[in-house]
Each structure stands twice: as structure tokens, then as C-alpha cells.
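Structure first, commentary second.
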Protein chains: 2
Amino acid sequence: MSLDYTNSIPLHVQLKQKIEQNVYNGRYADKIPSERELMDEYYVNRSTVRQSIQQLVLEGILVKKPGKGTFIAVSTINDWLGSLSSTSENMEKMGMTPGAKLITLQEIELFGRLKKLPSWKRPTILKE
Amino acid sequence: MSLDYTNSIPLHVQLKQKIEQNVYNGRYADKIPSERELMDEYYVNRSTVRQSIQQLVLEGILVKKPGKGTFIAVSTINDWLGSLSSTSENMEKMGMTPGAKLITLQEIELFGRLKKLPSWKRPTILKE
DNA sequence: GCCAATTTGTACGTATGTATT
DNA sequence: TAATACATACGTACAAATTGG
């Protein structure tokens, strides 16, 4: 969905919130769309896109890598893991057996995304 | 002095350093020049000026006030005071008598600038 | 190693809005 | 009201890093 140009909230703030939502609801896995793609999707200037992203970088949610793209920060992923700690413990105890059905659909998607990460940045409980 | 366009160091970084120097050596007292003035002095675009200032704001050195200008942060002034603590104690003990000649010229200038601040943000040792 | 495509970085310019004096 | 100063948003161009053919 596009941004609200009639809204008094600045476009770069609105876009920042959109991106943040997509990071936390799992629509963005590991890497977020390029600046070019965000421009085309939300009909805003590159300056505006960069302003939105910069805020999220300052908040430690995203990390930029010149020539590669903008990625979800490792610390952000660790935050997700923290919220899953109890479930993780259960999974360790059960060895990922039927009891795992107790975790929510959202959490299943999260684990799916975490497993896509390169092994060196993959959380211990998901290694091997 | 102007910036070095042949240098590989980005202009906004060079300008940031210039401003920072002028804050700490006392050429800027309380308020720094407007974006327009910095553009004219260093021959750079307003975007570049704003980028430099933004960094200093993020580092807590400057504070921006829409419609008024950009100011040296109170915390920055407190840092200055911290470096003068021993001298301050001496001054308290001596009641600002001849012994004060021991402080450096730079410190004298600093005190001069601090006294220009509005009373509500003036450090206690300078109130009276 | 080279080249082209992609992506972020730097720097410029312009216009209009909002806040303060 | 007018002038000043920062905020938002648009646009352009080229540089530098990375990747894949």
C-alpha cells in the first residue's frame, strides 16, 4: 500500500514505519528492497527513501552494505530470538518433536527465515 | 579556510570536522552560523551542510531549533566544565582573587563565553 | 582479469512549508 | 507583515563497492 500524501506526517516518517512493519512482520527476510525498488513501490524520491532507511540504521534495526544492499541487523534478529527463548528451550528439550506444534505460525515463518542466513551469523540453536 | 576538494575525504566529513573545531576552540559561542552562512563560507550545497550538522546533532554536540538556529548542546558545555573542575575549585577557594592568573588564556575565553549564556543554562559556579 | 549491471555514497540544485522573531 | 532559519521533498549526476558472466 502506498503512502498518504494528505497526511501531515512527513513521507519519510511514514515510509520508515512501513519498512519497520515489513521487517518485523517478516515480509522482508534478511535483505530489504533496494533504494530503487522502494522508490518505485512508494512513489517517493531517493532522498526520502534514504532518509527513512537512515533512521532505521541509527536505531540499529538495519545495516547498510555499499554495493550489496541494506540488511536486517543481527541485533534485530537477536531481539526476535529473545522473544522466543521459552519456545527455544522447549524445542531443545524435545528435540523438535511433535510438541513443536505449540509454536505459532508466525514463529514458524521466523525460523524459516533464520535458517536462510549464512551459517556464521546463524543463531546457535539453529546451527547444524 | 575552505575545504579540500582534491581530498578523498567526503566534503560533509571535512565540514563536520571544521564545525567541531570551531565549537571546541571557541569561535562559535552558543549559536553556530546558519545553514545559509555555512554554504557561503565553505562553498558547499545546503544538503552537504545539513549532513555535517546532522552528524554533530547525533553525537550530542549540537542542537537544532527550527526557526531559530543550531546551537551548542548544553551537554557539550558541561563537558567543558568537567575539564575545568580543578580550576573551578581553586577559584571557589580563592574567591576569584589574584591566584586566578594561573588559568590559561584559553580558559579565560571559555569563561567569557559561558557568561554570555542565558542565566537558566549557566553553570552554577558562574552564577552569583 | 575484465566488463556490465546493481546498489549504496556523495554532491549538486530547486521549490515549498513551518517556526521564530 | 516581512525576514530569517530549519524541514520536507523533489530531481540530477557521478563515484565506489560488489557480484556475475
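Predicted model, so just to flag it, every value in this text is computed and none were measured.
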D:dT19 OP1/OP2 closer than 4.0 Å to side-chain N/O of A:Lys68: yes

Ignoring backbone atoms, test whether B:Arg50 places a side-chain nitrogen or oxygen under 4.0 Å from the OP1 or OP2 oxygen of D:dA7. yes

I want to check something: taking the side chain as every heavy atom from C-beta on, are A:Leu15 and A:Val44 in contact at a cut-off of under 4.5 Å? yes

Could you state the atom-to-atom distance from CD of A:Gln55 to C1' of D:dA7 in whole Å? 13 Å

Can you tell which of D:dA9, C:dT8, C:dA11 lies closest to the side chain of A:Ser34? C:dT8

Can you see if the side chain of B:Thr70 gets near the phosphate of D:dC6 - specifically, an N or O under 4.0 Å from OP1 or OP2? yes

Quickly work out the A:Gln54 CD to D:dT8 C1' distance and round it to whole Å. 14 Å

Using atom CE of A:Met39 as one end and atom C1' of D:dC10 as the other, report the distance to the nearest whole Å. 10 Å

Please examine the side chains of A:Leu62 and A:Val23, heavy atoms only from C-beta on, and report whether any two atoms are closer than 4.5 Å. yes

To the nearest Å, how far apart are B:Arg36 CZ and C:dA15 P? 13 Å

5'-most contact on DNA chain D (nearest-nucleotide basis), A:Thr48 vs B:Pro33, goes to B:Pro33

Atom pair distance, as rounded to whole Å: CG in B:Leu38 and P in C:dC12: 13 Å

Distance, nearest 0.5 Å, that separates OG1 of B:Thr70 from CG of B:Asp30: 11.5 Å

Minimum side-chain heavy-atom gap B:Tyr42-B:Thr48 below 4.5 Å: no

Polar side-chain atom of B:Ser52 near backbone of B:His12 as donor-acceptor pair, under 3.5 Å: yes

Under 4.0 Å between a side-chain N/O of A:Asn45 and OP1 or OP2 of D:dG11, yes or no? yes

Whole angstrom is fine here: how far is it from CG in B:Leu11 over to P in D:dA13? 20 Å

Closest approach to the side chain of B:Pro66, judged atom by atom: which nucleotide of D:dA9, C:dA19, C:dT8 is it? C:dA19

Using a cut-off of strictly less than 4.0 Å, decide whether B:Arg46 has a side-chain nitrogen or oxygen near OP1 or OP2 of C:dG13. no

Calculate the interatomic distance between B:Leu56 atom CG and D:dC6 atom P; express it in whole Å. 14 Å

Under-4.0 Å side-chain N/O to phosphate OP1/OP2 contact, B:Lys64 with D:dA7: yes

When you check the phosphate oxygens OP1 and OP2 of C:dC12, does a side-chain N or O of B:Tyr5 lie under 4.0 Å from one of them? yes

Separation of C:dT7 atom C1' from A:Phe71 atom CZ, nearest Å, is 10 Å

State whether B:Ser47 places a side-chain N or O below 4.0 Å from either non-bridging phosphate oxygen (OP1 or OP2) of C:dT10. no

